[in-house]
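Here is the naming used below: chain letters follow the sequence lines, and residue numbers restart at 1 for every chain.
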Amino acid sequence: MTQTAGKTSGNNGAARDVTKELGAAGVRLRAESVTLGYGDRTIVHDLDLDVVQNTITSVIGPNGCGKSTLLRALGRLLVPSKGQVLLDGRRIDKMPTKEVATILGMLPQAPNAPEGLTVGDLVARGRHPHQAWYRQWSSDDETSVHEALEWTNIADLAERPVDELSGGQRQRAWISMALAQGTDLLLLDEPTTYLDLSHQVEVLELVRRLNRDLGRTVVMVLHDLNLAARYSDRLVAMREGRIIAAGTPAEVITEPLLAEVFGLHAKVIPDPVSGTPLVVPIGTAVSGRIAADA
Amino acid sequence: MTATVDKPAGKPGRRPPGLVPGRDPLRVGRFSGVWRPRTVVVMAVTAAVLVLGAALNIGRGEFPIGVGDVLATLFGGGDPAQQFIVLDLRLPRTLTGALVGGALAVSGAILQALARNPLAAPDIIGITMGASAAAVGVIVLGSGVSAFAVIAGSVGLPIAALLGGLITATLIYLLAWRKGVQGFRLVLVGIGMNAILYALVNWLLIAAQVYEAARAQVWLNGSLNARGWEHVVPVGIALAVLVPAALVLAHLLGALQYNDETARSLGVRVDGGRTALLAVAVGLAAIATASAGPIAFVALVSPQIAQRLVGASRPPIGASLLIGATLVVLSDLLARTAFGTAELPVGVVTAVLGAPYLLYLLVRHGREARV
């Protein structure tokens, strides 16, 4: 997959300058030997990771391998017990919360909207980092929210309560909020959870457009390996809190790696649609379903 | 709670239409916000009802004065006798009621939004009870010759109530804390705290001399009887400081209504913001309680009524203020008129009106929890 960083507009002017500073590598977000955990329980051990400008990186791995924990650390929702996270070369935990929120937007897993909140109001809250108590709906806010609604194709739902939407619409509304925030880095924690396949594809197509057309750098946690392979520039495979492999989907999704990371006996063939690796688990019932999905 | 969102259709052409449906801009100089006509209408109507209710309440008494004369006197007219009766004798009572009601309602609006739970009102989660316990302690123990009496006497009832409310709130917050505060846990801990403090109040009443117990009991019912300008001033000052603070901090409430992680990723310093908002809410509830006793259910009901009327996803500060003030003033009017010559404490009326609503909330929550 080639990166189309050229046709970008508006919000990522700042991003280009940063790329220049950092040189060709263009590392936006870097984890330096981070160890993460809750209380005494260590979940991620001494992990290094670079997130490169203008790419979609997906973190994959079995349940409980520390994917979401890593994402939370990258989004400064969790402070590493060892090591550090650098955002554009600066220690993220030393930066003001509000400043981080103008560079990096994060969508937690299965977020909850207050009852009765309209889609327009939900998306407008993405503007919080740009607002003050006396400035709550500037023309910049209005334009950004309008564009975010248009981009996610939910402008006609603006006055509907979020709790009345379908799963796919709701997820688009949340992504729209993160988009309105105007950050060129987006961290998405399992954005396709609870969605049926067509809505999963719809959300991931949207993520790809945000990357290709708006120049957003995306890091997400995904469960579905085939979708992750199709929609990502880079995959990071984790097991038990460590990175086992990182690289392009073709480099990462291999039969030995699937066995190592997931304990899964599977066959990897080229995806007939996109040419990316396609995982076919061995065993008729499961492989039959996967084949139907593809 | 299903806030209805069938907003009246905007009148096209009357003002420049916004880019986002339902969020037309309102911009004056550096100030910008969303023009919400329904909120403006609700607040205007409530303010009118409040003024009318206040005038009726002031007009009643041994020497009845018509609404027109009351309003004229309030706005600078009237003869000297009317001026004396209205401004010196009767206005403080109604004004205290309105201010206390407004303070309680804003306190409830903040707490309910923070806890994302309509049960999180200061009178449900023990903050009002904490203020009451301290006040009753001062009334009951303050007349002795012990060291406590000396301290209590010099502190005074309102300050004691304020401290009691603040200490209780701090305790609830610490007990409910577990890597952040969940709304539901805050409510449960608060209800437990409320029960403990209620027991403490009862013990104080039993231990007290009969005369003091009676005095404490009247105060505990929440009453506006014999309220003078000396009661208006503290709660007035508190509102003048804390309500603007609430309005400034209110822009955090939108983001804080999400879970903590979403709020943080929107750039909110969650713990700092929540602590500041809690402090404002507790201050308002405690000062209101210190002025008029624990007037029941106003803080619980007013924000919910306001939220439904304006069709918002969280209790609105301004509309809650006006609804709370109106509720207390109208309840006081009812307390003074409905039972002939016997005047009830206003808290009895608000309790009778508010208790069924609390039951409704509990039943509804129980049902939702099972779904």
Side-chain angles (χ1 to χ4, degrees), chain A residues 38-39 72 75-77 96-102 104-109 111-139 141-143 145-147 149 155-156 158-163 174 177-178 181 183 187 189, chain B residues 1-7 9-10 16 18-36 113 116 118 179 244-273 307-308 311-314 368:
Chain A
Y38 305 96
R72 297 183 62 217
R76 74 164 258 167
L77 296 176
T97 311
K98 217 163 181 170
E99 190 188 342
V100 172
T102 58
L104 184 152
M106 170 142 187
L107 204 53
Q109 199 177 332
N112 247 327
E115 215 176 312
L117 190 73
T118 63
V119 172
D121 287 349
L122 176 95
V123 176
R125 285 184 189 178
R127 297 300 297 168
H128 188 89
H130 307 273
Q131 294 172 334
W133 66 271
Y134 57 86
R135 190 181 64 240
Q136 299 198 20
W137 195 229
S138 67
S139 38
D141 292 340
E142 201 177 355
T143 315
V145 170
H146 174 65
E147 285 174 1
L149 287 167
D156 51 333
E159 289 188 278
R160 291 262 300 277
V162 178
D163 33 300
W174 282 101
M177 183 188 91
Q181 201 174 331
T183 62
L187 308 185
D189 194 353
Chain B
M1 68 200 126
T2 12
T4 47
V5 274
D6 45 328
K7 288 177 189 132
L19 287 169
V20 180
R23 293 183 64 88
D24 290 343
L26 177 68
R27 299 199 181 102
V28 183
R30 274 158 55 84
F31 174 88
S32 68
V34 177
W35 168 246
R36 300 198 186 271
R116 309 164 196 121
K179 286 183 197 155
L247 289 171
V248 167
L249 289 168
H251 84 285
L252 296 178
L253 278 178
L256 281 172
Q257 252 192 313
Y258 295 148
N259 61 28
D260 288 5
E261 302 211 327
T262 316
R264 276 201 76 183
S265 56
L266 288 176
V268 177
R269 282 170 40 240
V270 171
D271 293 327
Q307 180 177 346
R308 277 163 181 70
S313 65
R314 66 175 166 84
E368 269 168 16

*asked:* Can you tell me which residue among A:Val123, A:Thr118, A:Val145, A:Asp141 is in a side-chain contact (heavy atoms from CB on, under 4.5 Å) with B:Val20?
replied: A:Val145
*Side-chain contact, heavy-atom cut-off 4.5 Å: A:Met106 with B:Arg264?*
no
*What pair of heavy atoms forms the shortest contact from B:Leu266 to A:Met177, and how long is it?*
CD2-CE, 4.0 Å
*asked:* Which one wins on heavy-atom pair count under 4.5 Å against chain B: A:Gly105, A:Ala155, A:Gly126, A:Ser138?
replied: A:Ser138
_Ignoring hydrogens, what is the shortest heavy-atom contact between A:Leu77 and B:Ser265? Give both atom names and the distance._
CD2-N, 4.4 Å
*Measure from the side-chain N and O atoms of A:Arg125 to the backbone N and O of B:Gly254, and report whether any donor-acceptor pair falls under 3.5 Å.*
yes
*chain A heavy atoms under 4.5 Å from B:Leu252: which part of the residue, side chain, backbone, both or neither?*
both
*Is it the backbone or the side chain of A:Ala132 that comes under 4.5 Å from a heavy atom of chain B, or both, or neither?*
backbone
*B:Arg36 and A:Asp121 ion-paired at < 4.0 Å*: yes
*Is any side-chain heavy atom of B:Tyr258 less than 4.5 Å from a side-chain heavy atom of A:Pro114?*
yes
*Check each atom of B:Arg27 against the heavy atoms of chain A and say whether the ones under 4.5 Å are side chain, backbone, both or neither.*
side chain
*What distance do B:Gln257 atom CD and A:Glu115 atom CD have between them, rounded to the nearest 0.5 Å?*
11.0 Å
_Minimum-distance pair of heavy atoms, taken over all atoms of A:Pro108 and B:Thr262_ = CG-OG1, 3.3 Å
*asked:* Using heavy-atom distances under 4.5 Å, tell me whether A:Glu142 contacts chain B through its side chain, its backbone, both, or neither.
replied: both
*Measuring heavy-atom distances to chain B, does A:Pro129 have an atom under 4.5 Å in its side chain, in its backbone, in both, or in neither?*
both
_CD-OG distance between A:Gln136 and B:Ser32, expressed to the nearest 0.5 angstrom_ = 7.5 Å
*With side chains defined as the heavy atoms from C-beta onward, is the minimum distance between A:His128 and B:His251 less than 4.5 Å?*
yes
*Name the member of B:Glu261, B:Arg269, B:Arg314 that forms the most heavy-atom pairs with chain A at distances under 4.5 Å.*
B:Glu261
*asked:* Just so I understand: if I count every heavy-atom pair under 4.5 Å between each of A:Leu149, A:Leu122, A:Thr143, A:Asn112 and chain B, which residue has the most?
replied: A:Leu122
*Can you say whether A:Arg127 sits under 4.5 Å from chain B via the side chain, the backbone, both, or neither, judging by heavy atoms?*
neither
*Is chain B contacted by the side chain of A:Thr102, its backbone, both, or neither, given a heavy-atom distance below 4.5 Å?*
neither
*Hey, what do you get for CH2 (A:Trp133) to CG (B:Leu247), rounding to the nearest 0.5 Å?*
8.5 Å
